[in-house]
Amino acid sequence: MTDTATFADAAQRHSAASVVRREDYRPPAFWIDTVDLSFDLDPAKTRVLNKMRVRRNPDVPAQPLRLDGQALNLARVLVNGQGASFKMEGDQLVLSNLPEGPEPFDLEIFTTCQPEKNTQLSGLYVSQGAFFTQCEAEGFRRITYFLDRPDVMSVFTVTLRADKAAYPVLLSNGNLLEQGDLGDGRHFARWHDPFKKPSYLFALVAGQLVAREQAITARNGQQHLLQVYVRPGDLEKTEHAMRSLMASIAWDEARFGLPLDLERFMIVATSDFNMGAMENKGLNIFNTKFVLASQATATDQDFANVESVIGHEYFHNWTGNRITCRDWFQLSLKEGLTVFRDQEFSMDMAGSDSARAVKRIEDVRLLRTMQFAEDAGPMAHPVRPDSYQEINNFYTLTVYEKGAEVVRMMHTLVGEAGFRKGMALYFERHDGQAVTCDDFAQAIADANPHSPLAVHLEPFKRWYSQAGTPQVHAESQYDAAAQTYTLTLTQTTPPTPGQDEKQPLIIPVRLGLLGRSGAALPLQLQSEQGAQGLGLEATLVLHERQQSFVFTQVGEMPVPSLLRGFSAPVVLHQNLEDDALETLLQHDSDPFNRWEASQQWAQRIMLAAIHNPEAEIALPARFVQAMRQVLGDAQLDAAFKDLVLTLPSEGYIAEQLEQVDPQRIHAVREALQDQLAQALQAEWQAVWEQHHDTGAYRPDAHGAGRRALAGKALAMLVRQAGRTGDAVWPGKAYQRVKDAGNMTDRFNALAALVQARHPLAQQALQRLHRQFRDEALVLDKWFQLQAMAPDVDGDVLPAVRQLMRHADFNLKNPNRARSLIFAYSSHNPAGFHRADGAGYQFWAEQVLALDAINAQVAARLARAMDAWRKLAQPYRTHAEAALQQVAAHQGLSKDVREIVGKALNARPSMEKSGEAAH
């Protein structure tokens, strides 16, 4: 353990000077009002002329102008047309002796850069012969020297010049002013964005691209041109993207009264991109996986993701672009709010109440599986972090998903109409400004002065400043004689790194009460003002460490349905018996809590088996019968059935344990899956017959649900066939791989064979590769499926290493690296956590290899070892050795150094999950 401390302490000392703290924020000493950029684009040497109108900030004492820059060759600096004295301090260009007084001055900087050598994919880079940019969070400094911070907002005009044959399309932010030929085979385009924006929202694209175009008329009568740009050959896969963009524009107008504010809106897709997409003003740059979709190449989930991400980036036009972040600590101001908006958009697009509930369950499942684990690990941080070494490491599920839940709680506390009023006030106050999370919360509260949010605003804002997942304990007491039911709620939040003491939060708890027959009971709450009728559902506001709520005229001992719709991002502890869970599963009017009852029940069974390794692993007959009833219930949506019949994931179960044996968890889950397959074989066959033919393909919620349930039925039947030797169902699966009319059905069938480790799997994999060898996104799925295959005698890691030598594997492409290396390291626990430590050694090798190419991607992979201290032996010792190996590497990026340093330094007590008794 001494070595661990040595490496970690060295990393900590090395990074101490580079820590950025929220409390140190100071306004900029200068403002940049306008920026006129001229680019002569060349892959080997791009020339950038940057002309700025700069003025001093009168509220800040006089000081030199410090401009950020990275990987640039500086050729010229002029102030008001004259040569200027400057010096370099690290990566900063420092200018003193600038004009005094309030009048603006002109600053001109000429630099060059090398886009074709930029493997970091940050700043200006080349991908497959085309130019792209990625400037969030701090990539603009790799293009030119600038005040690269979000509170410096400028009006940009951009001129692009390039070879016309090689780069016929020239795009940048805003509206196209003019374009034309320059002679010598070159041409130009000049763009102007009339709205002030920070440098992280700058974008340019140049290359051989084709566009799907659509003219629309907004509600206000304004005409707009929508364009989706892709490489030639991909145009037929853009119809869904265009439909999603049009739906997003219409939804934001209808729901929040927010119109499109530019003459055109452009989306461009590239296969080399660190993120999913980027909301650059008027010119969104996307990873191809969130633009390209056809029924032949994309699954239902792909279609849903395209719609969601296009909505997300479009909604940023107002929540992120028109109003942006004062500093990067306020990242959730735009991301949490916009995730909430894209979730609401997707639920509205889903249509039915059942489909909306399925979407909510899927979002919560992601939060609880991934973000709760983050809250319990060494990278735990508040929604609004207090410090960072590398801001790219804080594009996290805490900032995005938990941030969205904080906004959702505001929505719950003020209601839909109140939230709309609050959003309107937020835009009225802050349009064109760079502001904070506090400013947003204040606007929502001020628009609803009598709401629980306004009454409890200051303690509510602790959601932004406290890390960790709150634990809510519920205890019930029923007095039959008095016909009263007392519900006592107690909240605690476990310690997290740097935060040992936690204050009470404001927690909205939606609830209903059910009788033992399943009927909803009317609610009357006893209070100092007397009893008040609440109908069949209420929202309690827990604002102290412990509160008791007394319900009157309750004629029988009720079954509580708490935290309906997952009304707060907390872990709920309540000791419900199996019969109570069964009542909720069968009768609760809240779909989320019906699903939750099934998960609680399955989790209880799984944990009991894990804690008792000598006992037989067996599903109780009562649970099996409950699942049989769900499958046979004609009133339930197919997608909902699929979710109920899905056991909690291995990663989620690991979060419930203080010490984790990944192999034991895997063995228990696999055994229970086998039993579900065997016990419900007749029901699975009936489900298959009812749902496998979905007719003409439509990527809507109804069709997707039918395909999902049919896919699960087929997987269960192939699994059972593997036990009995029956060739019928594997044969049907292979036939479906061959002739399915859409990628969802084809891939579900292939996954059924791979997950069952059936001999036909390899033949099916080879067939898919032959058929789709030219479809990059399909090949990503092909790699991912093999990386996540069940491990048999340690055979997955050698297969992954072999796949890395495949002609179609490219470590420099983030999508391909994620499809194989990330899938194995983060999503195949039994294959990755090997007793010999070989999985961890592989992880260390790949982190270092990626760090030399792309630090952002490497840092994401490094997160796979966040929870290493929870591992049982011998896994923990091997994991520590792998972390030491990475930490000791010379030249490690600050991105990876921060992740690994925190993992090695975190106190073991901070690693404990708070979900042991969920």
*Does any non-hydrogen side-chain atom of Pro699 lie less than 4.5 Å from one of Gln295?*
no
*Can you list the steps and then say if Asp363 with Arg360 is a salt bridge (charged side-chain N to carboxylate O under 4.0 Å, His left out)?*
CA-CA 5 Å; Asp363 291 337; Arg360 179 61 180 150; 5.2 Å; no
*asked:* Quick check on the 6.0 Å ring-centre criterion: do Phe273 and Phe290 meet it?
replied: no
*Taking the side chain as C-beta and beyond, is there a heavy-atom pair between Met627 and Leu585 under 4.5 Å?*
yes
*Could you check whether the rings of Phe832 and Tyr824 sit parallel, tilted or perpendicular, using 30° and 60° as the cut-offs?*
perpendicular
_Asp739/Arg746 ion pair, N-O < 4.0 Å_ = no
_Leu765 CG to Leu785 CG distance, which is reported to the nearest 0.5 Å_ = 6.0 Å
*asked:* Minimum heavy-atom separation for Met349 and Ala247, please, with both atom names.
replied: SD-CB, 4.0 Å
*Quick one: sort the Trp251 and Phe315 rings into parallel, tilted or perpendicular, breaks at 30° and 60°.*
tilted
_Which heavy atom of Trp729 sits nearest to which heavy atom of Val718, and what is that distance?_
O-CG2, 3.8 Å
*Taking only residues two or more places apart in sequence or in another chain, which ones pass side-chain hydrogen bond (donor to acceptor under 3.5 Å, both in side chains) with Glu236?*
none
*asked:* With no hydrogens and no angle check, just 3.5 Å: does a side-chain donor-acceptor pair link Thr319 and Thr338?
replied: yes
*Is there a donor-acceptor contact under 3.5 Å linking the side chains of Asn828 and Asp791?*
no
_Whether His769 and Trp782 hold their rings parallel, tilted or perpendicular, with breakpoints at 30° and 60°_ = tilted
*State the CG-CZ distance between Asp745 and Arg706, to the nearest 0.5 angstrom.*
10.5 Å
*Is Lys237 salt-bridged to Glu775, cutoff N-O under 4.0 Å?*
yes
*asked:* Can you confirm whether Leu292 sits close enough to Val306 that some side-chain heavy atom of one is under 4.5 Å from a side-chain heavy atom of the other?
replied: no
*Between Gln625 and Arg628: side-chain donor-acceptor atoms closer than 3.5 Å*: yes
_Check against side chain to side chain contact (heavy atoms under 4.5 Å, CB included), Leu777 and Thr297_ = CA-CA 8 Å; Leu777 297 178; Thr297 60; over 6 Å; no
*Assess the side chains of Asn593 and Ser561: does a donor N or O sit below 3.5 Å from an acceptor N or O?*
yes
*Determine whether Ile653 and Leu647 make a side-chain contact, defined as any pair of heavy atoms from C-beta on separated by less than 4.5 Å.*
no
*May I ask you to check whether Glu596 and Gln600 show a side-chain donor-acceptor distance below 3.5 Å?*
yes
*Would you please say whether a donor-acceptor pair under 3.5 Å links the side chains of Tyr697 and Asp300?*
yes
*Minimum heavy-atom distance Ile617-Gln675, with the two atoms named*: O-NE2, 2.6 Å
_Closest approach of Thr583 to Gly518 (non-hydrogen atoms, all atoms of both residues)_ = CG2-CA, 4.1 Å
*Would Trp595 and Phe640 count as a close aromatic pair, with their ring centres under 6.0 Å?*
no
*When the ring planes of Tyr395 and Tyr400 are compared, do they come out parallel, tilted or perpendicular, using 30° and 60° as the limits?*
tilted
_Under 3.5 Å side-chain donor-acceptor pair for His827 and Gln784_ = no
*asked:* With a sphere of 6.0 Å drawn around CZ of Arg698, does it hold more than 12 non-hydrogen atoms of other residues, nucleotides or ligands?
replied: no
*Determine whether the side chains of Arg719 and Gln678 contain a donor N or O and an acceptor N or O closer than 3.5 Å.*
no
_Could you go through Met716 and Leu680, starting from their C-alpha distance and side-chain angles, then the distance that decides it, and tell me whether this counts as side chain to side chain contact (heavy atoms under 4.5 Å, CB included)?_
CA-CA 9 Å; Met716 287 297 196; Leu680 301 177; over 6 Å; no
*Would you say Met347 has more than 12 foreign heavy atoms packed within less than 6.0 Å of its CE?*
yes
*Within a reach of under 6.0 Å around NZ of Lys402, are more than 12 heavy atoms found that belong to other residues, nucleotides or ligands?*
yes
*Take Arg356 and Asp348 through the test side chain to side chain contact (heavy atoms under 4.5 Å, CB included) and record every step on the way to the result.*
CA-CA 7 Å; Arg356 290 177 61 87; Asp348 285 350; 2.5 Å; yes
_Please report the interatomic distance CG(Leu540) to CD1(Ile507), rounded to the nearest 0.5 Å._
11.5 Å
*Under 3.5 Å, is there a donor-acceptor pair linking the side chains of Lys781 and Ser819?*
no
*Could you give the distance from CD (Glu683) to CG (Leu676), rounded to the nearest 0.5 Å?*
11.0 Å
_Ion pair Asp633/Lys641, N-O distance below 4.0 Å_ = no
_Does any part of the side chain of Gln681, heavy atoms only, come nearer than 4.5 Å to the side chain of Gln685, both counted from C-beta?_
yes
*asked:* Contact between Asp579 and Val559 at the side-chain level, heavy atoms closer than 4.5 Å - yes or no?
replied: no
*After noting the C-alpha distance and the side-chain angles of Arg604 and Asp578, does the key distance pass the salt bridge (charged side-chain N to carboxylate O under 4.0 Å, His left out) rule?*
CA-CA 10 Å; Arg604 179 177 298 170; Asp578 289 356; 2.8 Å; yes
*Please step through salt bridge (charged side-chain N to carboxylate O under 4.0 Å, His left out) for the pair Asp588 and Arg564, ending with a clear verdict.*
CA-CA 10 Å; Asp588 201 335; Arg564 283 183 165 180; 2.9 Å; yes
*asked:* Check the orientation of Phe340 and His411. Use parallel for under 30°, tilted for 30 to 60°, and perpendicular for over 60°.
replied: tilted
*asked:* Does either side chain, that of His316 or that of Glu335, offer a donor lying less than 3.5 Å from an acceptor on the other one?
replied: yes
*Determine whether the side chains of Thr398 and Glu374 contain a donor N or O and an acceptor N or O closer than 3.5 Å.*
yes
_Counting only heavy atoms from other residues, nucleotides and ligands, does the tally under 6.0 Å from CZ of Arg365 exceed 12?_
yes
_Within-4.5 Å side-chain heavy-atom neighbours: Phe566 and Glu405_ = yes
*Flag the pair Arg818 / Phe783 as yes when at least one side-chain heavy-atom distance between them is below 4.5 Å, and no otherwise.*
no
_Can you see whether Thr238 engages Arg212 through a side-chain donor-acceptor pair at a distance of less than 3.5 angstrom?_
yes
*Ion pair present between Glu655 and Arg368, side-chain N to carboxylate O less than 4.0 angstrom?*
no
_CG-CD distance between Leu523 and Glu537, expressed to the nearest 0.5 angstrom_ = 8.5 Å
_Regarding Arg341 and Glu313, does a basic nitrogen lie under 4.0 Å from an acidic carboxylate oxygen?_
no
*asked:* Could you check whether Ser308 and Asn305, counting side-chain N and O atoms only, form a donor-acceptor pair closer than 3.5 Å?
replied: no
*Roughly how far apart are Lys738 NZ and Leu768 CG, rounded to 0.5 Å?*
14.0 Å
*asked:* Quick check: closest heavy atoms across Thr369 and Ser649, and the distance to 0.1 Å?
replied: CG2-OG, 3.9 Å
*Locate the shortest heavy-atom distance separating Val383 from Val399; write the atom from each residue and the value.*
O-CG2, 3.8 Å
